[in-house]
Amino acid sequence: MPNAIDIDQSARGRPGNSAALIAENRQLRDTIQSLEQQLDWFKRQLFGQKSEKRLIEANPDQGSLFEGLVGQPAKAEPTDTITYQRRQGKKPRSEADVTAEGLRFSADVPLESIALTPAQLRGPEADQYDTIGEKRSYRLAQRPGSYVVLEYIRPIIKHKASEALISPPMPSAVFPGCIADVSVLAGILVDKFAYHLPLYRQHQRLADAGITLSRSTLTNWVKRSIALLEPIVDAQLQHILQSRVLAVDETPIKAGMQGKGKLHQGWFWPVFGEDEEIVFTYSPTRATQHLESVLGDSAGTLLSDGYSAYDCYAKQRDQVTQAQCWVHTRREFLKAEQLEPEATAEALELIAALYVIEQQMRDKDLTGAQKRDYRALHSLPVVDRFFAWCHEQRQRLDLTPSNPLTKALAYATKREAPLRVFLSDPEVPPDTNHLERALRVIPMGRRNWLFCWSEVGAKQVGVIQSLLTTCRMQGVDPYVYLVDVLQRVSLHPNRDVIALTPRLWKERFAKAPLRSDLALKQSDSETQ
């Protein structure tokens, strides 16, 4: 079979067909080049590293990890004997026993008793009452890594004069009649959405611990808990939209059924504000309408990647300035590194120089006008040199439209104005890396819970992830936060719901948070 060179040579002897054959040859070359690029991309996805960092030559002074181990016998590690002693005095319970609240647990489950004393027995008329019996109620609680059943011992007292029977009420639960302590509800949410432990695995862990619950019960607890937190996320979003610089991105999620055996493709649109807060909004589409419904008439700078929906939204509003990400521009050039190594290296070196300057500003702790002036003095010449190089490269006659370098140059030059915004505004970062780090919880979760059964479930995932991710950014323990807020939300005035967002909760309530009954009992036993 003749190759491309043979076709070129034979075409010169046939002037009538030479132009058509040469054009066909070029088309075939472009097709082969495109297929090779796709094959290389699939190989990188399957076998290559995903990091965008460029390869660095090995340090000759660094020794091998296994150097000197060959031929040496393995040393026997000392072993420690660990013994366990079960706590004495546990009340024997039958696995078939069911409490009045519907809670089932085996005899191996630790039982903690909490004695409740009526106010009548502590008052001046305490001698007017006799304790004639006890009521025992049970509620499931959780310690980190273990489960405990709380036994509430409530004495039944009788007033001597009126012979009225009185018993102290049970402490209020997060939901009326719920057999779960707030420690369990917070633990399930943190395990599923912060540590990506699906509910079916948590159900297995409960069964291994001797607790008998249905899977639907866990799902119901999660749904009802997130519903209580939804007004807090709404208040947090309203505060984020007041930021002068907003970072927005989108990431896909499978949510709901589109047809038989097929899931619908939905999207999370995270919105990142100036005060280290984030909200994951859900949309069934990737259209601009979702940006319009969420952002509304927000004014300021919109920082994003090169997706056309952001450009469309910004052009419709005079009060919005669009800024775009240099890291996404850099990724376009990385795609051309194999075919155009020299040209790609020049582009990457110029972009890397911008980040060296950003690091220098962080080291010098520059802010405000000082930061703007430093960028004008050092970053502006680098940006000018980069775009001049891009325009020069686009004049090359050997670059075909299918060449990835051609696409990278077009991507950068088309977005020159948004890429320059960070030079004049010191509050605008050069990229959306901070937002991409925060939204990693969504793709990490997809590896565990894979998809959402419904779009309502996807919205609930966005609600809880908004709070948990913001807790991480604010330095707040998500478990402590949820234990407090799930109890406080029913007592807190609706007009001040913004105070329950992690940013303000850290200032107002973190020093003395509400704790679960299990934590209170444990602290009481430690002080005694």
Side-chain angles (χ1 to χ4, degrees), residues 112-119 122-123 139-154 168-176 178 180-191 193-195 221 224-236 238-240 273 275-279 463-528:
E112 299 282 353
S113 298
I114 299 177
L116 303 180
T117 303
R122 295 193 302 266
R139 184 176 292 169
L140 181 63
Q142 179 182 1
R143 288 194 183 100
S146 63
Y147 295 95
V148 178
V149 172
L150 298 179
E151 180 184 31
Y152 294 85
I153 302 174
R154 299 182 292 158
M170 281 283 290
S172 59
V174 177
F175 313 124
C178 183
D181 183 64
V182 67
S183 58
V184 168
L185 301 177
I188 291 175
L189 292 174
V190 171
D191 284 346
F193 298 104
Y195 302 116
W221 288 350
R224 296 179 67 183
S225 299
I226 294 177
L228 291 177
L229 302 173
E230 191 169 354
I232 303 175
V233 175
D234 293 339
Q236 182 167 289
Q238 295 306 313
H239 178 262
I240 289 176
D275 294 327
E276 295 293 315
E277 294 177 305
I278 189 172
V279 167
V463 169
I464 187 62
Q465 287 292 12
S466 300
L467 294 178
L468 295 182
T469 306
T470 303
C471 282
R472 294 298 192 193
M473 293 188 295
Q474 295 288 338
V476 173
D477 187 333
Y479 179 81
V480 175
Y481 170 78
L482 288 178
V483 168
D484 176 275
V485 171
L486 286 174
Q487 298 178 89
R488 193 182 299 275
V489 69
S490 61
L491 309 173
H492 199 77
N494 187 49
R495 64 179 180 277
D496 193 30
V497 68
I498 187 68
L500 299 184
T501 59
R503 177 180 61 90
L504 294 180
W505 181 90
K506 181 175 65 173
E507 300 175 0
R508 301 188 186 185
F509 307 114
K511 293 182 180 179
L514 299 178
R515 297 187 294 170
S516 64
D517 290 344
L518 178 62
L520 293 173
K521 184 182 186 306
Q522 185 175 357
S523 62
D524 291 342
S525 61
E526 291 175 354
T527 55
Q528 291 176 358

Can you name the residues that form a side-chain contact (heavy atoms from CB on, under 4.5 Å) with Pro513, not counting sequence neighbours? Val480, Asp484, Trp505
Between Val149 and Leu140, does a side chain to side chain contact (heavy atoms under 4.5 Å, CB included) hold up when you go through it step by step? CA-CA 5 Å; Val149 172; Leu140 181 63; 4.2 Å; yes
Restricting to pairs with a member in residues 497-508, which pass salt bridge (Lys or Arg N to Asp or Glu O under 4.0 Å), not counting sequence neighbours? Glu277-Arg503, Asp496-Arg508
Any heavy-atom pair between the side chains of Trp221 and Val174 that's under 4.5 Å? no
Can you check whether Ile226's main-chain N or O pairs, donor with acceptor, with Glu230's side chain at less than 3.5 Å? no
Tightest non-hydrogen contact, residues Gln142 and Ser183, listed as N-OG, 2.9 Å
Using a cut-off of 6.0 Å, state whether more than 12 heavy atoms not belonging to Arg122 lie near its atom CZ. yes
How many angstroms lie between CG in Leu185 and OG in Ser225, if you round to the nearest 0.5 Å? 4.5 Å
Closest non-hydrogen atom pair, Ile153 against Ser113: CD1-CB, 3.9 Å
Compare every heavy atom of Tyr152 with every heavy atom of Pro171, then report the nearest pair and how far apart it is. CG-CE2, 3.7 Å
Say whether Gln236 and Ser466, considering side chains only, have a donor N or O and an acceptor N or O under 3.5 Å apart. no
Once rounded to the nearest 0.5 Å, what's the spacing between atom NE2 of His239 and atom OG1 of Thr501? 7.5 Å
How about Leu468 and Leu482: do any of their side-chain heavy atoms sit closer than 4.5 Å? yes
Given the rule in the side chain to side chain contact (heavy atoms under 4.5 Å, CB included) test, do Cys178 and Arg224 qualify, once you have shown the distances and angles that lead to the verdict? CA-CA 11 Å; Cys178 183; Arg224 296 179 67 183; 5.6 Å; no
Is any side-chain heavy atom of Val279 less than 4.5 Å from a side-chain heavy atom of Val233? yes
Here the gap from Gln474 atom CD to Thr469 atom OG1, rounded to the nearest 0.5 Å, amounts to 12.0 Å
Nearest heavy-atom approach of Leu486 to Ala186 is CD1-N, 4.3 Å
Taking every heavy atom of Ala180 against every heavy atom of Arg139, the minimum-distance pair comes out as C-CG, 3.8 Å
Could you walk me through whether Phe175 and Leu228 pass the side chain to side chain contact (heavy atoms under 4.5 Å, CB included) check? CA-CA 10 Å; Phe175 313 124; Leu228 291 177; 3.5 Å; yes
Ala235 and Val497: which non-hydrogen atoms are nearest, and at how many Å? CB-CG1, 3.7 Å
Spacing of Leu150 atom CG and Met170 atom CE [to the nearest 0.5 Å]: 8.5 Å
Under the 3.5 angstrom rule, does the side chain of Tyr481 hit a backbone N or O of Leu500 as a donor-acceptor pair? yes
So do Leu467 and Pro502 actually touch side chain to side chain, heavy atoms under 4.5 Å? yes
Measuring from Leu504:CG to Ile232:CD1, what's the distance to the nearest 0.5 Å? 11.5 Å
